Protein chains: 2
Amino acid sequence: MVKDTNTERIIFNAARKVFQKKGLDGARMQEIADEAGMNKALLHYYFRSKEKLFQGIFNESIGKISLGIQNVFNDNMGVIEKLQALVNIYVDTLSENRYLPLFVLNEMNQHPEKFEEILSKTIVVHLKGFLIQVEKEVQSGKIKPVNPLHLLMNVLGMVIFPFAAYPVVSIIINKNMDSSVEQFYLERKKEIFEFIVIALDPKK
Amino acid sequence: MVKDTNTERIIFNAARKVFQKKGLDGARMQEIADEAGMNKALLHYYFRSKEKLFQGIFNESIGKISLGIQNVFNDNMGVIEKLQALVNIYVDTLSENRYLPLFVLNEMNQHPEKFEEILSKTIVVHLKGFLIQVEKEVQSGKIKPVNPLHLLMNVLGMVIFPFAAYPVVSIIINKNMDSSVEQFYLERKKEIFEFIVIALDPKK
DNA sequence: GTCTATAAGTAGATAGAC
DNA sequence: GTCTATCTACTTATAGAC
């Protein structure tokens, strides 16, 4: 998706805001136009259709999500360091865009066939390397025996879920705690990391 | 939402299926009618409007979700036992209805104002009791010092996220593993419980 | 490139026959 | 209670003026 002109960028930014919040079905071209401060017809002039505009936004979102995983799985680090990097990247990314997880998860569930290809080529390949690495570190005694896929799901769940459940988190913290919501999300970097370290400690 | 007649029940079941899969905006009354094997006009005869029908389904879903939390927080058990019960209930419930988490999370994000009241009265109250209980067990040395809210988010994330990410889990397991998806979800009861036990072990 | 006006199609809802 | 036919409103998309 090329974003040459200024107008095109303005539309794209407005579309991101509306689509990520309301979803494909809930979003209205009129609302995107209002958000962009221009006429509805212009959206079609630059992007032809609602579907095409949505695809642009969605591809960008998928890119942001898989960036976190891919970078981490490519680097030359140990299992624990990789997971820590993954946690840090996601907390930072999702703190700036809390709608991202639900937006992507929804579309994945709505059109799973689109992901067969993407997932098979990228994540599954990197995952294979990660699975092997876990086995090696288990055998060398660096970490204790674990099922790598369960481990990964545990970490992804701990990181991503609280952002998807933002309204609950927000209400609970405002009623019960003296800290801010933003601070709570930042704290999770340390919290989850400690959880990981303890869970993988071979001495336990 | 009363479901007296047989027809009413059939419609309600069809609506649950369509709404939970497509969401309020994505669902079509025609599709619900087709799923129910009857005419579109009948849906309005029994439920007046799409919005009212949706509310019925949604209240039921919220009930199922909060049942897991409330039962657990009411019972007279220790922290670890409560969390284990919570995990078991959720894995069983969500195994039968994998769309439930995303469905509820979406509506919560779309209309957070509706939850201010519900959450404030139910979950937040029970949570208070849970927070206090955690503090007590920490002081008595039964579990190691932890932030109770982070602990709860960790557990909820580990349990709920893999169901929301079903398409990913499904593809990964079918490509990499020799076990079935259903078995993977059942395994999580034990996996998460062990994670909890280790993380709360005061001797570490 | 940007706007106004409008076409074309769709979805929720209702009227009225049976 | 259940159906067919239809109304009304809304939404995407385009035509055409500027």
Side-chain angles (χ1 to χ4, degrees), chain A residues 1-61 99 102-103 106-107 109-111 114, chain B residues 1-61 99 102-103 106-107 109-111 114:
Chain A
M1 190 62 41
V2 191
K3 293 184 294 297
D4 285 325
T5 70
N6 191 33
T7 305
E8 200 169 345
R9 234 190 331 270
I10 293 173
I11 294 175
F12 201 73
N13 290 336
R16 185 189 303 110
K17 199 166 173 180
V18 176
F19 276 134
Q20 288 189 346
K21 198 166 179 177
K22 304 275 182 85
L24 172 59
D25 297 318
R28 294 289 165 261
M29 293 296 267
Q30 184 59 57
E31 191 179 351
I32 296 175
D34 292 345
E35 178 72 37
M38 61 187 67
N39 194 276
K40 201 172 52 133
L42 269 184
L43 312 195
H44 289 95
Y45 176 79
Y46 281 100
F47 294 92
R48 280 193 67 88
S49 70
K50 182 185 181 182
E51 187 66 37
K52 286 219 169 35
L53 181 51
F54 178 81
Q55 271 304 324
I57 299 297
F58 185 71
N59 290 340
E60 184 199 57
S61 298
Y99 291 105
L102 272 186
F103 179 66
N106 275 325
E107 188 63 12
N109 274 277
Q110 220 74 181
H111 305 286
K114 289 186 188 169
Chain B
M1 190 63 37
V2 191
K3 293 183 295 293
D4 284 325
T5 70
N6 191 32
T7 305
E8 200 169 345
R9 233 189 334 266
I10 293 173
I11 294 175
F12 201 73
N13 289 337
R16 184 189 303 109
K17 199 166 173 179
V18 176
F19 275 134
Q20 289 190 347
K21 198 166 178 178
K22 304 275 181 85
L24 172 59
D25 297 318
R28 295 288 166 260
M29 293 297 268
Q30 184 60 57
E31 191 179 351
I32 297 175
D34 292 345
E35 178 72 36
M38 62 186 65
N39 194 277
K40 200 171 55 133
L42 269 185
L43 312 195
H44 288 95
Y45 176 79
Y46 281 99
F47 294 91
R48 280 194 67 89
S49 71
K50 183 185 181 183
E51 187 66 37
K52 286 221 170 34
L53 180 51
F54 178 82
Q55 272 304 324
I57 300 297
F58 186 72
N59 289 340
E60 184 199 56
S61 298
Y99 291 106
L102 272 186
F103 179 67
N106 275 326
E107 189 62 13
N109 274 276
Q110 220 75 183
H111 305 287
K114 288 186 186 169

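Side chains included, hydrogens not; waters and symmetry mates left out as well; all remaining heavy atoms used. Proteins come first, then strands; the chains are lettered A, B, ... in the order of their sequence lines, and each starts at number 1. In this text, all values refer to a predicted model and were calculated from it rather than measured experimentally.
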For A/F103 versus A/S61, what's the shortest heavy-atom pair and its separation? CE2-OG, 3.4 Å
Return the CD to CG distance between A/Q30 and A/D34, rounded to the nearest 0.5 Å. 4.5 Å
Output the rounded distance in Å from CG (A/D34) to C1' (C/dC3). 15 Å
Value in whole Å for how far the P atom of D/dT12 lies from CG of A/D25: 10 Å
Nearest listed nucleotide, side chain of A/Y46, among C/dC3, C/dG1, D/dG1: C/dG1
Just the rounded figure in Å: distance from C1' of D/dT14 to CZ of A/F47. 18 Å
Could you tell me the separation between the NZ atom of A/K22 and the P atom of D/dT11, rounded to a whole number of Å? 11 Å
side-chain hydrogen bond (donor to acceptor under 3.5 Å, both in side chains) between A/N106 and A/Q110, worked out: CA-CA 6 Å; A/N106 275 325; A/Q110 220 74 181; 5.5 Å; no
With a cut-off of 3.5 Å and sequence neighbours excluded, list every side-chain donor-acceptor pair involving residues 36-47 of chain B.
residue : atom : partner : partner atom : Å
B/N39   : OD1  : B/A41   : N            : 2.8

Test side chain to side chain contact (heavy atoms under 4.5 Å, CB included) on A/E51 and A/L24; report intermediate values, then the result. CA-CA 8 Å; A/E51 187 66 37; A/L24 172 59; 4.0 Å; yes
Does the protein touch nucleotides 12-18 of chain C at the base, only the backbone, or not at all? Give it as B, S and - per nucleotide, heavy atoms under 4.0 Å. BBB----
Calculate, to the nearest 0.5 Å, the distance between atoms CZ and CZ belonging to A/F12 and A/F19 respectively. 10.0 Å
Does D/dT2 have its OP1 or OP2 closer than 4.0 Å to a side-chain nitrogen or oxygen of B/T7? yes
Output the rounded distance in Å from CD (A/E8) to P (C/dT2). 11 Å
If each end axis of the helix from C/dG1-D/dC18 to C/dC18-D/dG1 is fitted on five C1' pair positions, the angle between them, to 10 degrees, is 10°
Once rounded to the nearest 0.5 Å, what's the spacing between atom CZ of B/F54 and atom CZ of B/R16? 13.0 Å
Nearest atoms (heavy-atom pairs only) where A/D25 meets B/G26: OD2-CA, 3.3 Å
